Participant: 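Let me give you the structure first, and then I'll get to my questions.
Small disclaimer: the values here were computed from a predicted structure and weren't measured.
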Amino acid sequence: MSRLARPTSGRMIGGVCAALARRFGTSATTMRVIFLVSCLLPGPQFLLYIALWILLPTDGKAARTAW
């Protein structure tokens with residue numbers, strides 16, 4: 001498993017799905033489909049996506065942060 005950081009390339013909106021896909025060893029397309037299917041269920045999926053977009057560092061900044 002790699003560090004959880006948003007990539008600077010290969011991302012569509014915020015890079016959250018690409019970061020999660022790289023972390024768990026799957027393709028970004030698979031992670032995006034999982035997210036879209038989860039949006040059919042009740043819950044705060046969009047709020048979680050926005051929170052991860054804000055909280056996850058980008059690749060260049062990830063080397064400088066402690067976590």
Participant: Please answer whether the main-chain N or O of Ser38 pairs with a side-chain N or O of Gln45 as donor and acceptor at a distance below 3.5 Å.
Facilitator: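 Indeed, once roles are kept as given, a pair shorter than 3.5 Å links the two residues.
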Participant: What residues form a side-chain contact (heavy atoms from CB on, under 4.5 Å) with Ile13, not counting sequence neighbours?
Facilitator: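 In terms of side-chain contact (heavy atoms from CB on, under 4.5 Å), with neighbours along the sequence ignored, Ile13 is linked to Tyr49, Trp53.
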Participant: What is the distance from atom CG of Leu36 to atom SG of Cys17, rounded to the nearest 0.5 Å?
Facilitator: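 Output value for this atom pair is 7.5 Å.
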Participant: Show me, pair by pair, the donor-acceptor contacts under 3.5 angstrom made by side chains of residues 25-34, not counting sequence neighbours?
Facilitator:
residue : atom : partner : partner atom : Å
Ser27   : OG   : Thr30   : N            : 3.2
Ser27   : OG   : Thr30   : OG1          : 2.7
Arg32   : NH2  : Gly10   : O            : 3.2

Participant: Shared ILVMFWY cluster between Val16 and Ile54, side chains joined below 4.5 angstrom?
Facilitator: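 The answer is no; the residues belong to distinct hydrophobic clusters.
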Participant: Could you tell me which non-hydrogen atom of Gly15 sits nearest to which non-hydrogen atom of Pro7, and how far apart they are?
Facilitator: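 Scanning both residues, the minimum pair turns out to be O-CD, 3.6 Å.
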Participant: If hydrophobic clusters are built by linking Ile, Leu, Val, Met, Phe, Trp and Tyr wherever their side-chain heavy atoms come under 4.5 Å apart, do Ile50 and Phe35 end up in the same one?
Facilitator: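 The answer is no; the residues belong to distinct hydrophobic clusters.
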Participant: Would you check if the side chain of Arg6 reaches a backbone N or O of Leu56 as a donor-acceptor pair within less than 3.5 Å?
Facilitator: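 Here the side-chain-to-backbone pair exists.
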Participant: Applying the 4.5 Å side-chain criterion to the ILVMFWY set and letting contacts propagate, would Phe46 and Leu20 be lumped into a single cluster?
Facilitator: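 In one cluster: yes.
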